[in-house]
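Okay, so here's the structure we're looking at.
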Amino acid sequence: MSSIKIECVLRENCRCGESPVWEGASNSLLFVDIPAKKVCLWDSLSKRVQRVAVDAPVSSVALRQLGGYVATIGTKFCALNWENQSVSVLATVDKEKTNNRFNDGKVDPAGRYFAGTMAEETAPAVLERHQGSLYSLFPDHSVKKYFDQVDISNGLDWSLDHKIFYYIDSLSYSVDAFDYDLQTGQISNRRIVYKMEKDEQIPDGMCIDAEGKLWVACYNGGRVIRLDPETGKRLQTVKLPVDKTTSCCFGGKDYSEMYVTCARDGMDAERLLKQPDAGGIFKITGLGVKGIAPYSYAG
Ligand SMILES: O=C(O)[C@H](O)[C@@H](O)[C@H](O)[C@H](O)CO
Ligand SMILES: [Zn+2]
């Protein structure tokens with residue numbers, strides 16, 4: 001057995017930390033704090049953080065082949081120039097839904113930026129139902145809409161052979177799979193691969209490991225779980241010292257470390273006293289499995 005170590009590497013006090021992405025070229029972790037409207041870049045060597053403020057909730061961030069990053073800000077797919085901190089809009093969705101915003105997003109193996117929307121919450125997981133949709137931004141900046149009726153669009157990733165797209169609508173309490181056509185970006189044949197158990201609470205962000213197994217952050221469950229999408233079985237549970245674990249990614253040397261984001265919003269003063277690292281960035285080592293490098297947006 002490997003010995004698992006969990007460490008809060010950055011006490012960022014995020015209201016809702018999300019979208020951790022490892023940037024190998026800079027040995028850094030990118031992430032967002034959605035309601036705080038900021039994108040952060042934590043240098044794992046110097047331990048320093050750079051922060052860029054934007055003008056609306058920023059729900060995901062990803063690498064861009066041209067340099068800089070892309071991010072979902074409000075209901076816009078945007079390019080983010082890190083050097084001069086400027087944002088340019090690539091496309092806008094849900095124009096008629098004024099209370100909507102983007103939520104989780106990730107780039108597919110062909111360089112398309114997938115992200116879904118949701119109604120803005122009045123409290124964690126309290127919102128008008130069925131307002132969200134799933135979209136992708138193609139490299140030519142055109143937008144494809146896949147489906148609507150989503151509650152909280154979350155965790156997404158692709159199988160190692162790129163033939164399956166994994167997706168979470170949080171309030172369905174399940175992890176779903178679709179057949180994926182990498183050439184066209186089409187999805188089909190939705191099915192459930194895992195149903196959350198009660199104490200696992202709300203499924204949130206997700207990533208795949210180098211063995212094709214899924215890691216799901218459990219919001220209010222204070223853990224990440226490892227799932228076998230082929231058998232539908234949970235293989236492992238790793239508990240963290242914070243309840244509101246929101247997302248996870250692999251990073252570090254050879255992608256052998258896992259980074260986990262979490263939230264403070266929705267915790268009362270007493271809970272916050274017991275969980276002083278809530279809103280921080282956690283590093284898990286000793287998992288004995290590696291991840292894969294993130295894909296970069298191709299437009
Ligand atoms: O980051 C997200 O996915 C949502 O924006 C968050 O608000 C919470 O994770 C959600 O409330 C949990 O269901
Ligand atoms: Zn999320």
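All residue numbers refer to positions in the sequence shown, counting from 1. For ligands, and for the atoms within them, numbers begin at 1 and follow the listed sequence. This is a predicted model, so every value here is computed, not measured.
- Applying the salt bridge (Lys or Arg N to Asp or Glu O under 4.0 Å) rule to pairs touching residues 28-48 yields Glu12-Lys38, sequence neighbours excluded.
- Side chains of Ser136 and Tyr146: a donor on one and an acceptor on the other come within 3.5 Å.
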Ligand 1 polar-atom proximity to protein (N/O, under 3.5 Å):
unit_1	atom_1	unit_2	atom_2	d
ligand 1	1 (O)	Glu18	OE2	2.7
ligand 1	3 (O)	Glu18	OE2	3.3
ligand 1	3 (O)	Asn103	ND2	2.8
ligand 1	3 (O)	Asn154	OD1	3.0
ligand 1	3 (O)	Asn154	ND2	2.8
ligand 1	3 (O)	Asp204	OD1	3.1
ligand 1	5 (O)	Arg101	NH2	2.9
ligand 1	5 (O)	Asn103	OD1	2.8
ligand 1	7 (O)	Glu121	OE1	2.5
ligand 1	7 (O)	Glu121	OE2	3.3
ligand 1	9 (O)	Asp204	OD2	2.5
ligand 1	11 (O)	Glu121	OE2	2.5
ligand 1	11 (O)	Ala125	N	3.2

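- At a cut-off of 3.5 Å, with distance as the only test, no side-chain donor of Asp254 or Ser256 sits close to an acceptor on the other residue.
- Side-chain polar atoms of Asp108 and Tyr180 form a donor-acceptor pair below 3.5 angstrom.
- Distance check, rounded to the nearest 0.5 Å: CD1 of Ile208 to CH2 of Trp158 gives 10.5 Å.
- Taking distances strictly below 2.8 Å, the protein N/O/S atoms close to the Zn ion (ligand 2) are Glu18 OE2, Asn154 OD1, Asp204 OD1.
- Relative to the ring axis of Phe138, Arg112 places its NZ or CZ within 45° and under 6.0 Å from the centre.
- Listed by chain and number, the residues in a side-chain hydrogen bond (donor to acceptor under 3.5 Å, both in side chains) with Ser247 amount to none (sequence neighbours excluded).
- More than 12 heavy-atom neighbours from other residues, nucleotides or ligands sit within 6.0 angstrom of CD on Gln65.
- In this structure, Trp82 has its ring center closer than 6.0 angstrom to the ring center of Tyr69.
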